[in-house]
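Taking it in order: structure first as structure tokens, then the write-up.
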Amino acid sequence: MTIERPAPPLTGGEREMLRTFLDFHRATLAMKCEGLSDEDLRRAASPPSTLSLLGLVRHMAEVERTWFRRVINAEDIPLVWSAEGDYQAAYDASSSTRSEAFAAWEAEVEQSRKIEEAAESLDVTGHQPRWGEDVSLRLVMLHMIHEYARHNGHADFIREAIDGVTGA
């Protein structure tokens, strides 16, 4: 399977640019995992860190779910991997599989896209209880781009340590 990554536009509206840059970073994470076995995806390749590629995928499923569904859409739903709200639980991919983690992540990405597309504007707000503040969809999309970009940097190091593959 070859992941297709959208090319962000060089000109255009704010929403189109945010949407495409976010999809670019989502695709980058998937590309970093491409061609690896479940065992490789679970491997903590940069000791002493226990972070793995599959842990990152699981974490990003939680991040998508939290910011779009729980914050912007005000859905009263638990995290994917922790009914107690422990965000760290997603990082433990020791018994996870590609199919399980990617199914959850892809489902959350799809829900996020629907919520963003249905929003009247980037000025739509939701409440972020951890901050005790209302936040705009614009902030959420910028935060998501930041979150993916940061974790894709981690994914670069992890992937290179597994099999020497760099780039993307």
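Worth saying up front: this structure is predicted, and the values here are computed from it rather than measured. Numbers here simply count residues along the sequence, with the first being 1.
Considering every non-hydrogen atom in both Pro129 and His127, the closest pair reads CD-O, 3.2 Å. Nearest heavy atom pair, residue Thr20 against residue Pro8, reads CG2-CA, 3.6 Å.
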Q: Verify side chain to side chain donor-acceptor pair (under 3.5 Å) between Ser96 and Arg42, making sure each step is shown before the conclusion.
A: CA-CA 8 Å; Ser96 188; Arg42 285 190 295 266; over 6 Å; no
Q: Check step by step if side chain to side chain contact (heavy atoms under 4.5 Å, CB included) holds for Glu110 and Ile115.
A: CA-CA 9 Å; Glu110 184 60 31; Ile115 292 165; over 6 Å; no
Q: Dump the intermediate steps for side chain to side chain contact (heavy atoms under 4.5 Å, CB included) on Glu64 and Gln111, then the final yes or no.
A: CA-CA 9 Å; Glu64 294 271 1; Gln111 287 298 311; over 6 Å; no
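Val140 and Trp131 fall within a single hydrophobic cluster, where Ile, Leu, Val, Met, Phe, Trp and Tyr are joined by side-chain heavy atoms under 4.5 Å apart, directly or via other members. Under the 4.5 Å side-chain heavy-atom criterion for ILVMFWY residues, a single connected hydrophobic cluster contains both Val109 and Val71.
Interatomic distance, Ser99 OG to Asp38 CG, rounded to the nearest 0.5 Å: 6.5 Å. For the atom pair CD of Glu62 and CZ of Arg70, the computed distance is 8.0 Å after rounding to the nearest 0.5 Å. In this structure, the separation between CG on Leu29 and OH on Tyr148 is 6.5 Å, given to the nearest 0.5 Å. Going from atom CZ of Phe24 over to atom CD1 of Ile145 covers 11.0 Å, rounded to the nearest 0.5 Å. A distance of 7.0 Å separates CD1 in Ile72 from OG in Ser136, rounded to the nearest 0.5 Å. Rounded to the nearest 0.5 Å, atoms CE (Met17) and CE (Met141) are 12.5 Å apart.
For an aromatic pair to be called close, the ring centres must be under 6.0 Å apart, and Trp105 with Trp81 fails this.
Applying the salt bridge (charged side-chain N to carboxylate O under 4.0 Å, His left out) rule to pairs touching residues 87-102 yields Arg58-Glu100, sequence neighbours excluded. Applying the salt bridge (charged side-chain N to carboxylate O under 4.0 Å, His left out) test to residues at least two apart or on different chains, the pairs with a partner in residues 119-129 are Asp123-Arg138.
Applying the 6.0 Å contact sphere to CD of Glu4 captures no more than 12 heavy atoms from other residues, nucleotides or ligands.
In this structure Gln88 satisfies the side-chain contact (heavy atoms from CB on, under 4.5 Å) test together with Asp86, Tyr91, sequence neighbours excluded. Qualifying salt bridge (Lys or Arg N to Asp or Glu O under 4.0 Å) partners for Arg19, counting only residues two or more places apart in sequence or in other chains: Glu116. For Ser37, the side-chain contact (heavy atoms from CB on, under 4.5 Å) partners two or more places apart in sequence, or in a different chain, are Glu39, Asp40.
Listed for the Arg65 side chain is no donor-acceptor partner under 3.5 Å among the backbone atoms of Ala104. A side-chain donor-acceptor contact under 3.5 Å links Arg159 to the backbone of Lys32. Judged by distance alone, with hydrogens and angles left aside, the side-chain atoms of Asn152 form a donor-acceptor pair with the main-chain N or O of His25 at under 3.5 Å.
Trp67 is listed as a side-chain neighbour of Leu139, based on a closest heavy-atom distance under 4.5 Å. A 4.5 Å side-chain heavy-atom check between Tyr87 and Leu79 finds at least one atom pair inside the cut-off. In this structure, Thr125 and Val135 have side chains that are not in contact, with every pair of non-hydrogen atoms separated by 4.5 Å or more.
Using a 4.0 Å cut-off between charged side-chain N and carboxylate O, Asp23 and Arg113 make a salt bridge.
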Please tabulate, for side-chain N and O atoms in residues 47-57, each donor-acceptor pair with protein atoms closer than 3.5 Å (sequence neighbours left out).
| from | atom 1 | to | atom 2 | distance (Å) |
| --- | --- | --- | --- | --- |
| Ser49 | OG | Leu51 | N | 3.1 |
| Ser52 | OG | Gly55 | N | 2.9 |

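For Ser112 and Arg69, the side-chain atoms include no donor-acceptor pair closer than 3.5 Å. Counting only N and O atoms by type, the side chains of Thr166 and Glu160 include no donor and acceptor under 3.5 Å apart. At a cut-off of 3.5 Å, with distance as the only test, a side-chain donor of His151 or His154 sits close to an acceptor on the other residue.
In summary, of the residues considered (Arg26, Glu108, Met144), a side-chain contact (heavy atoms from CB on, under 4.5 Å) with Met60 occurs for Met144 alone.
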